[in-house]
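Okay, so here's the structure we're looking at.
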Amino acid sequence: MENQKHISMPVRYGINTTLIVLFLIMGYVLTSSGFTNRAQTSLILQIGIYIILAVSLNVATGYLGQLPLGHAGFMAVGAYSCGIFWKSSLASALPTPISIFLGLVVAGIVAAIFGVLIGIPALRLKGDYLAIITLGFGEIIRVAIINLPSITGGTPGLLGIPKHSNFIVVYLCVVFTIVAIHMMMKSRHGRAILSIRENEIAAESCGINTTYYKVMAFAFSAFFAGIAGGLYAGFQGLLVPKSFDFMASINILVMVVLGGMGSMIGSVIAATVLTALPLLLQSFNTYRMIIYSLLLIIVMIFKPSGLMGMYDFSLSRILERILNRDFPWKKKKGDEVNV
Amino acid sequence: MSKMVPVKQSYSIVPERDYHKSPILEAHHLGIDFGGLTAVDDFNIAIGRTEICGLIGPNGAGKTTVFNLLTKVYQPTRGTILLDGMDTSGFNTVKANQAGIARTFQNIRLFKNLTVLDNVLIGLHNDINCSIPKALLRTPSYWKAEKAAKTKALDLLSIFDMQDLANAEAGSLPYGAQRRLEIVRALATNPKLLLLDEPAAGMNPSETAELMENIRKIRDTFQIAIMLIEHDMNLVMGICEGIAVLSYGKIIAKGTPAEITSNPAVIEAYLGKKEG
């Protein structure tokens with residue numbers, strides 16, 4: 001233990017920040033220079049939006065251990081509030097970057113408020129009951145949107161939203177979401193959320209206010225779903241209520257379950273694969289959905305805990321292992337003197 | 001603030017201990033009914049500030065129910081519980097813990113998929129001072145609080161020599177170690193009274209002897225009261241200063257270990273009545 005090399009915290013943050021910036025520049029150059037065609041660029045944006053959705057649902061499903069089925073509802077709330085904000089700010093004198101930022105903040109906050117409002121009654125229930133009640137709430141949101149045509153445009157949809165979601169905006173939101181959730185989970189609040197998943201009675205007897213943390217995690221999850229909704233509005237340019245039905249919630253849940261509940265990297269990978277797969281399989285158009293479904297079945301049979309289980313990715317941990325020459329294919333520590 | 005209630009000394013098991021101080025816990029006429037069944041009735045007890053006391057009795061006597069009443073898992077139907085002179089009626093489990101009652105469970109309830117260290121850190125939850133914005137922004141006070149908590153957690157683990165297991169998954173520990181970890185986690189919540197529900201269950205005699213030493217060590221180091229439910233009479237008679245015997249939800253005897261072993265009512269409850 002004593003001779004192990006450790007990477008200090010500032011260096012870890014430095015490495016991660018550098019990689020984030022490099023990736024941003026690379027992505028920006030690729031998407032704006034015409035290297036990727038329009039379909040590919042839009043696929044990248046969609047992947048980004050679904051990563052935010054899956055990672056945020058993972059907070060409620062993987063970390064808190066509940067099974068909400070109304071994630072698309074929060075996404076819808078965020079999408080419409082952001083869409084309406086952006087549309088109305090077109091006429092005002094707000095500079096575009098500020099308008100984009102404020103719109104996404106509004107989307108997140110409105111969705112989080114809905115998360116609290118729905119969470120307080122819903123989180124009194126557990127398991128299947130919670131799934132059904134959140135499914136109901138999700139549908140209520142969708143029906144409310146249909147029946148408020150003066151604000152939301154009703155069934156035909158909300159048209160003419162400025163297309164603000166470019167690569168940089170989506171990428172920064174993805175980074176913000178992942179970093180914020182990571183910071184949260186590696187603090188006492190995150191541990192409190194995990195303890196509720198592990199054993200609620202024990203958590204209470206450790207003095208953790210489980211009701212507060214359940215609602216908080218739920219609102220936190222809804223906040224990022226709202227941001228994803230805002231990005232979706234700016235990506236599509238128009239919003240129709242139909243795209244937020246319960247199949248949309250199921251799609252996000254499938255990503256989380258497939259990636260591994262409680263694994264952030266799992267959610268990211270699953271969101272990427274499951275968003276890209278239908279498009280990559282377009283040449284087998286007829287069999288597309290069969291391949292997609294078979295893939296789900298195979299993963300669930302051979303790895304029911306999801307692709308990544310509860311594993312969480314840490315670049316620094318891998319670097320430390322390389323520095324210490326502690327490779328998984330080697331035997332135990334001690335017999336690695338002169339390698 | 002909860003109201004202060006005058007202290008009654010008459011319920012104590014061993015009155016001479018901590019006589020000059022008020023008891024840490026008092027229960028007055030505590031009782032609970034489940035439907036028509038009276039699980040615990042007229043339960044009176046007072047526990048001294050640094051007393052180790054035992055709660056024994058045949059299976060189904062209501063011992064764990066008493067623990068659940070004290071920790072507010074169940075709300076009592078009758079009676080009052082005073083913790084350090086403070087009325088705890090209307091408290092929930094969380095508040096009871098924050099007021100100073102920590103417990104372990106008969107069937108171990110650890111956070112199995114988390115590491116040993118995380119289990120203790122969760123126990124220290126209310127001890128760590130770090131708001132959500134501070135945690136999200138990783139301010140210096142976050143690092144300070146986390147570091148202090150980690151040091152404290154490792155200190156607590158060292159009571160049972162478990163600091164080397166800090167990064168092991170709690171569910172992968174052997175049974176005895178899991179029980180010890182549960183005690184450490186309960187201690188991390190900074191209790192005034194520690195309730196141990198069958199701490200020696202599933203331990204071999206040498207482990208039990210070690211546990212006895214450790215329970216005494218915990219009392220001496222932290223200066224807290226400990227109440228334990230246990231079926232291992234060697235352990236109970238060895239470390240308890242006062243013992244209460246529960247049978248069919250009622251206390252049938254209270255006293256020192258020597259008094260309990262010679263009490264005819266206790267012998268009857270455990271072995272049955274002698275014919276003729």
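Naming convention: chains lettered A, B, ... in sequence-line order (proteins, then strands); numbering from 1 in each chain.
Atom CZ of A:Phe101 sits in a sparse spot, with 12 or fewer heavy atoms from other residues, nucleotides or ligands closer than 6.0 Å. Within a 6.0 Å sphere centred on NZ of B:Lys217, heavy atoms belonging to other residues, nucleotides or ligands number more than 12. Within 6.0 Å of the CZ atom in A:Arg317, the count of heavy atoms belonging to other residues, nucleotides or ligands exceeds 12. By the 6.0 Å contact criterion, CZ on A:Phe220 is enclosed, its count of non-hydrogen atoms from other residues, nucleotides or ligands being greater than 12. Environment of CG in B:Asn129: sparse, with no more than 12 heavy atoms of neighbouring residues, nucleotides or ligands closer than 6.0 Å. Residue-environment remark: OH (A:Tyr129) stays at or below the threshold of 12 foreign heavy atoms within 6.0 Å. Counting non-hydrogen atoms of other residues, nucleotides and ligands closer than 6.0 Å to NZ of B:Lys112 gives a total above 12. Surrounding CZ of A:Phe23 are at most 12 heavy atoms belonging to other residues, nucleotides or ligands under 6.0 Å away.
Taking CG from B:Asn119 and OG from A:Ser195, the interatomic distance works out to 9.5 Å, rounded to the nearest 0.5 Å. Distance CZ/A:Arg191 to CZ/B:Phe111: 11.5 Å, rounded to 0.5 Å. Interatomic distance, CD1 of A:Ile208 versus OG1 of B:Thr189, reported as 10.0 Å (0.5 Å rounding). If you take CZ on A:Arg197 and CG on B:Leu114, they are separated by 6.0 Å, rounding to the nearest 0.5 Å. The structure places CD of A:Glu198 at 10.0 Å from CG of B:Asp118, a figure rounded to the nearest 0.5 Å. Residue A:Leu194 holds its CG atom at 9.5 Å from CG of B:Asn113, rounded to the nearest 0.5 Å.
Under a 3.5 Å cut-off, the side chain of A:His189 and the backbone N or O of B:Cys130 do form a donor-acceptor pair.
Looking at B:Leu124, there are no atoms closer than 4.5 Å to chain A (heavy atoms on both sides), in backbone or side chain. Both the backbone and the side chain of A:Ile201 come within contact range of chain B, judged by heavy atoms closer than 4.5 Å. Of the two parts of B:Ser131, only the backbone, made up of N, CA, C and O, holds a non-hydrogen atom closer than 4.5 Å to a non-hydrogen atom of chain A.
Heavy-atom pairs under 4.5 Å with chain B were tallied for A:Met216, A:Met184, A:Lys186; the largest tally goes to A:Lys186. Looking only at heavy-atom pairs under 4.5 Å with chain A, the residue among B:Thr93, B:Ile132, B:Thr71, B:Leu137 that has the most is B:Ile132.
Salt bridge status for A:Glu204 with B:Arg109: absent, with no side-chain N to carboxylate O gap under 4.0 Å.
In this structure, A:Cys206 and B:Arg185 have side chains that are in contact, with non-hydrogen atoms separated by less than 4.5 Å. Side-chain contact between B:Tyr142 and A:Met183 is absent, with no heavy-atom pair separated by less than 4.5 Å.
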